[in-house]
Number of protein chains: 2
Amino acid sequence: MHGLLRDRQQWSIPLHGNSETIRTMARQDARERILEAAYDLFAHQGTRSVGVDAIIEKSGVAKMTLYRHFKSKQDLVLAFLERREALWTEDWLIREVSTRTSDPKERLLAIFDAYHDWFQIDDFEGCAFINVLLEYPAHNPLHGAAAGHLAKVRAYIGDLAVRAGIGNVPEFCDVWHMLMTGCTIAAAEGNRAAALEAKRAAQRILDHWSE
Amino acid sequence: MHGLLRDRQQWSIPLHGNSETIRTMARQDARERILEAAYDLFAHQGTRSVGVDAIIEKSGVAKMTLYRHFKSKQDLVLAFLERREALWTEDWLIREVSTRTSDPKERLLAIFDAYHDWFQIDDFEGCAFINVLLEYPAHNPLHGAAAGHLAKVRAYIGDLAVRAGIGNVPEFCDVWHMLMTGCTIAAAEGNRAAALEAKRAAQRILDHWSE
DNA sequence: CGTTTTAGACAGACTGGTTTGTATCGAGAC
DNA sequence: GTCTCGATACAAACCAGTCTGTCTAAAACG
């Protein structure tokens, strides 16, 4: 106890010059640091195999601080999924596809070009939504949340399909998304060309669909 | 508990003829009961969330008996995957497709009919190979094992594709399997018609592929 | 301006439960 | 006597979540 006190004092001394800055920053972004650490760990190792101890260790936060911002680990996983949608679905996938082309039909195909880039990343982390969906049984709230996020991806496909004048949009979304998830699994198996193969198949489906 | 013992004794008595047989049977019976219990639990709840205690409880076996037959839980999961291939891939999928039609091209499509039946089961358990693949990181032996079993499914598709006179078999297998895995994920999301939707898309891919 | 209060952060012990895997012992079969 | 089995206790690690105590910066108040 006294030893710990001394350690903390020694700790504080080198930081004395800008201690207020550090403290203020720390206070403001404690939640942010937790979520950032959780994002990295959950995305790369799965939500089930990552414990809260690993998250507090990586974020340099006290356990009670984590539980002040998130009432349970499940809450933290839900926050992770929402951030994943913001960062992966919206900031990356939709943006990436938008920059490649403006034609709705070409955008549908460009999804697989974006996926191809994704699959080339060294530490390819896989689709967090699929992972969480399969990590928890059907009755678990996290399973439903993951399904909801996957549904939003399908909604985006539906938006493109409508603007591309495609018929039977609901089924088209399902099928298109099956190719996307299917090639994501193939990438997890190690098939780096999965997205290119899926794109060629998608092209054929698209051709026949809009006849 | 005592009921199980009595059952075992009644079981053994009729086999009294050959001593070696009884001992051998008893040994294999224990291993068999463990594997059977592990199969049910692993298939329905995943390999990570099921502990060995649940397996010994369900199989009515002592813990040491389990570890005498399987040197670790990982070993047991490997045995589960092998049995899954024997029961699901060979005894069910391939057999089911074979009984539906004998034409290779029609068999490729019949896979999705079989899948449709599979998806209608009340406690649909999902694809154990995909689950294990995503449950463990890439460097884990179980990840590789699961990938190997998925590759065998693709090999079966390749066999059908060759006999159907389809060109570019390797890519065809990949794409066909993507549709299969993709609709399995969709089924896990709750889409009971996923296999039918996938079949219609597969039909279009097949038409264009064999041009 | 100086003092006190307060809120949030850090540290880490701790609880209660679960995990894999090991060790020991007695019962029953041959 | 030998072998396998079941039952049980156990070790060591891990898990989520709680709790106490300390620190400090900023707000509240004199």
Side-chain angles (χ1 to χ4, degrees), chain A residues 1-13 15-34 38 41 45-77 142, chain B residues 1-34 37-38 41 45-77 142:
Chain A
M1 189 87 71
H2 297 292
L4 289 174
L5 253 174
R6 264 191 304 256
D7 287 350
R8 268 191 63 79
Q9 283 172 347
Q10 287 177 349
W11 234 74
S12 299
I13 287 168
L15 299 173
H16 197 277
N18 50 357
S19 66
E20 65 269 34
T21 318
I22 289 180
R23 283 293 167 194
T24 315
M25 293 273 294
R27 183 178 302 185
Q28 282 176 343
D29 65 4
R31 189 194 148 96
E32 181 57 27
R33 276 188 297 152
I34 294 165
L41 292 170
Q45 296 165 233
T47 65
R48 204 153 197 153
S49 64
V50 172
V52 290
D53 285 338
I55 294 166
I56 67 166
E57 203 270 340
K58 185 180 172 99
S59 60
V61 125
K63 209 168 213 182
M64 269 312 289
T65 305
L66 187 150
Y67 279 98
R68 192 180 347 267
H69 290 289
F70 305 93
K71 76 169 197 286
S72 66
K73 185 190 176 183
Q74 175 175 296
D75 240 46
L76 184 53
V77 175
L142 296 177
Chain B
M1 196 146 343
H2 298 291
L4 284 175
L5 255 174
R6 263 192 305 257
D7 288 349
R8 269 188 60 78
Q9 285 174 347
Q10 288 176 350
W11 244 70
S12 299
I13 288 168
L15 298 172
H16 196 276
N18 186 337
S19 61
E20 289 300 323
T21 312
I22 290 179
R23 270 212 322 214
T24 312
M25 290 278 294
R27 184 192 310 192
Q28 291 187 344
D29 180 53
R31 188 193 147 94
E32 179 58 28
R33 275 187 298 151
I34 294 164
L41 293 169
Q45 295 164 234
T47 64
R48 202 152 200 155
S49 63
V50 171
V52 289
D53 283 339
I55 294 167
I56 67 166
E57 203 271 339
K58 185 178 171 100
S59 60
V61 126
K63 208 173 219 183
M64 271 312 289
T65 305
L66 187 151
Y67 279 98
R68 194 173 299 116
H69 289 289
F70 305 93
K71 76 169 197 287
S72 65
K73 185 190 176 182
Q74 176 174 296
D75 240 47
L76 184 53
V77 176
L142 295 177

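A, B, ... follow the sequence lines: proteins, then strands. Residue 1 opens every chain. Remember, predicted model here, so these are calculated numbers, not experimental data.
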### Pair B:Asp53-B:Lys63, side-chain contact (heavy atoms from CB on, under 4.5 Å): steps then yes or no
CA-CA 8 Å; B:Asp53 283 339; B:Lys63 208 173 219 183; 3.1 Å; yes
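In terms of position on DNA chain D, the residue among B:Met64 and A:Val50 whose nearest nucleotide sits closer to the 5' end is B:Met64.
Going from atom CZ of B:Phe70 over to atom P of C:dT22 covers 15 Å, rounded to whole Å. Atom-to-atom, CG of A:Asp53 to P of C:dA13 comes out at 12 Å; the value is rounded to the nearest Å. Straight-line distance from the CG atom of A:Leu66 to the C1' atom of D:dC15: 14 Å, rounded to whole Å. Protein atom CD of B:Gln74 is 14 Å distant from nucleotide atom C1' of C:dG21, rounded to whole Å. The distance between atom CZ of A:Arg33 and atom P of C:dA9, rounded to the nearest whole Å, is 9 Å. If you measure from atom CD1 of A:Ile56 to atom P of D:dC14, you get 14 Å, rounded to the nearest angstrom. If you take OH of B:Tyr67 and P of C:dG21, they are 4 Å apart, rounded to a whole angstrom. The distance between atom CD1 of A:Ile34 and atom P of D:dG17, rounded to the nearest whole Å, is 14 Å.
Summarising the geometry of B:Thr65 relative to B:Val61, their closest heavy-atom pair is CB-CG1, 3.9 Å, with the distance given to 0.1 Å. Residues A:Val50 and A:Gly46 approach most closely at CG2-O, 3.2 Å, considering heavy atoms. Here the shortest heavy-atom pairing between A:Gly60 and A:Arg33 reads O-NH1, 3.8 Å. B:Tyr67 approaches B:Lys73 most closely through the heavy-atom pair CE2-N, 4.4 Å.
At D:dC5, one or more side-chain N or O atoms of B:Arg68 fall inside 4.0 Å of OP1 or OP2 (strictly under the cut-off). Distances shown here put every side-chain N or O of B:Thr65 at or beyond 4.0 Å from the OP1 or OP2 atom of D:dC5. At the phosphate of D:dC5, OP1 or OP2 sits under 4.0 Å from a side-chain N or O atom of B:His69. Here A:Arg48 does not reach the OP1 or OP2 of C:dT19: none of its side-chain N or O atoms lies under 4.0 Å away.
Out of D:dA16, D:dG6, C:dT22, the shortest distance to the side chain of B:Lys63 is found at C:dT22.
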